[in-house]
Amino acid sequence: MATTPYSQRDIRRLIGMFDVYGDFLVGTPFGNGNVNDTFQLTYDQGGTRLHYTLQRINSNVFKDPVRVMENVARVTDHILGKIRLAHAETKKRTLRLLHTHDGKPYAFDANGDCWRAYIFVEHARAYEVLESPEQAFRVAQGFGEFQQLLADFEGRLHETIPDFHHTPKRVAALEAAIAEDRAERVKHVRREIDFVLSRKEECDKLLRLQAEGAIPERITHNDTKANNILIDDLSGEAICVIDLDTVMPGLSLYDFGDMVRSGTNPAEEDEVNLDRVGMRFDMYEGFFDGFLSTAGKILTPAEREMLPFSAKLITLEIGTRFLTDYLMGDIYFKIRRPDQNLDRCRTQFKLVQSIEEQMDKMMALL
Ligand code: GN1
Ligand code: MG
């Protein structure tokens with residue numbers, strides 16, 4: 001279990017900022033997020049055990065947590081409205097925020113950290129590594145449906161992290177980190193740096209198509225890692241999209257690309273044995289069919305055409321971010337051991353290679 005600087009007394013005090021009924025029993029670190037701190041809290045309500053999720057928003061990553069929470073509240077309200085309209089015909093769920101005693105969906109602690117709490121979604125779980133093409137199908141169906149549910153959202157969401165998927169800017173950040181060499185690690189990663197720089201030309205492909213009007217901006221999730229959707233224990237259906245901090249204007253293709261990145265690889269994101277890393281084509285087919293089964297209805301021809309490329313681009317982009325963070329001395333992603341960011345970077349680049357090798361097959365599916 002992950003270590004945490006928060007004692008049970010701290011956790012009890014933090015959740016005390018929110019309106020919750022029942023008796024607090026225990027709070028334990030939960031999940032494998034790379035950014036926020038998450039706890040699962042167990043409560044006793046008149047003899048029944050139930051759970052809540054308590055999260056600290058990482059303010060180094062999210063500079064304006066109140067805007068993040070405005071987005072999350074609007075998005076979850078919108079989806080809840082749709083789920084209610086569907087009555088019993090859907091098993092879909094959405095995250096539900098708890099409110100503070102004065103009605104806010106977030107609270108600041110004495111250190112200035114921003115916290116939020118959700119009703120825990122019971123009898124469902126997030127998978128670090130997906131198990132079958134059927135599961136991939138359902139994950140993609142779920143994330144595709146999420147985009148559909150938000151297609152009629154009115155107004156514009158805040159850009160919680162500007163240029164989040166602007167790949168050329170991510171490469172520029174890498175170049176700046178190389179020039180600065182703050183942690184004196186450039187000497188260890190010449191090969192990885194070359195790997196990115198030799199692919200630099202392709203990095204603006206989607207942005208160019210967007211500028212030409214061939215690919216529209218939509219409301220997207222932007223962090224569609226396989227472990228950001230909950231799978232129902234009983235039915236195996238993907239029932240609830242989580243980690244909504246980066247839901248904002250984006251390209252549909254970013255969501256497809258990140259699913260393929262995180263879900264087709266049979267190894268963990270920080271696997272050190274690169275022989276175990278690669279894209280399983282049967283998993284890719286699952287994502288492809290699942291995504292088209294829901295989001296397919298809204299995709300333009302140019303978006304469809306770019307589905308295979310998006311998988312390569314997002315994998316390269318996230319590998320570039322891990323490499324940049326390694327060079328900066330591990331200041332963005334949480335690490336649980338030295339060199340973890342470098343290992344994460346290497347798995348991503350191995351995966352990019354594997355995607356490149358299978359690009360013809362991926363194109364043929366179109
Ligand atoms: C972070 O928070 P988490 O672990 O779901 C990151 C994503 C990366 C991902 C890589 C806000 O996601 O962009 O793709 O790690 N989130 C943010 O595992 O930077
Ligand atoms: Mg997450």
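Just so you know, ligand 1 is whichever comes first in the structure, and atom 1 is the first atom listed for that ligand. Heads up: numbering here begins at 1 and tracks the sequence.
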Subset of ligand 1 atoms that lie under 4.0 Å from at least one heavy atom of Tyr332: 11 (C), 17 (C), 19 (O)
Side chain, backbone, both or neither: Arg261 near ligand 1, heavy atoms under 4.0 Å: side chain
Contact with ligand 1 for Arg344, non-hydrogen, under 4.0 angstrom: no
Over-ring placement of Arg96 relative to Tyr118, 6.0 Å and 45° cut-offs: no
Contact check: Asp243 vs ligand 1, nitrogen or oxygen atoms, below 3.5 angstrom: yes
Per-atom contacts, ligand 1 versus Gly33 - under 4.0 Å to a heavy atom: 4 (O)
4.0 Å heavy-atom contact, Asp245 with ligand 1: no
Glu237: which of Lys91, Arg138, Arg93 passes salt bridge (Lys or Arg N to Asp or Glu O under 4.0 Å): Lys91
Partner of Asp270 under side chain to side chain donor-acceptor pair (under 3.5 Å), chosen from Arg336, Arg346, Arg337: Arg337
Min N/O separation Asn228 to ligand 1 under 3.5 Å: yes
Pair Phe146 + His221: ring centers closer than 6.0 Å: yes
Partners meeting side chain to side chain donor-acceptor pair (under 3.5 Å) with Thr294 (sequence neighbours left out): none
Within-cut-off N or O pair, Asp223 and ligand 1, under 3.5 Å: yes
Numbered atoms and elements of ligand 1 in range of Phe62, under 4.0 angstrom, heavy atoms: 11 (C)
Those residues that, when tested against Glu268, pass side chain to side chain donor-acceptor pair (under 3.5 Å) (two or more places apart): none
Heavy-atom nearest neighbour of atom 10 (C) of ligand 1 within options His165, Glu269, Gln348, Lys334: Glu269
Worked check of side-chain hydrogen bond (donor to acceptor under 3.5 Å, both in side chains) between Gln55 and Asp37: CA-CA 6 Å; Gln55 257 181 339; Asp37 292 330; over 6 Å; no
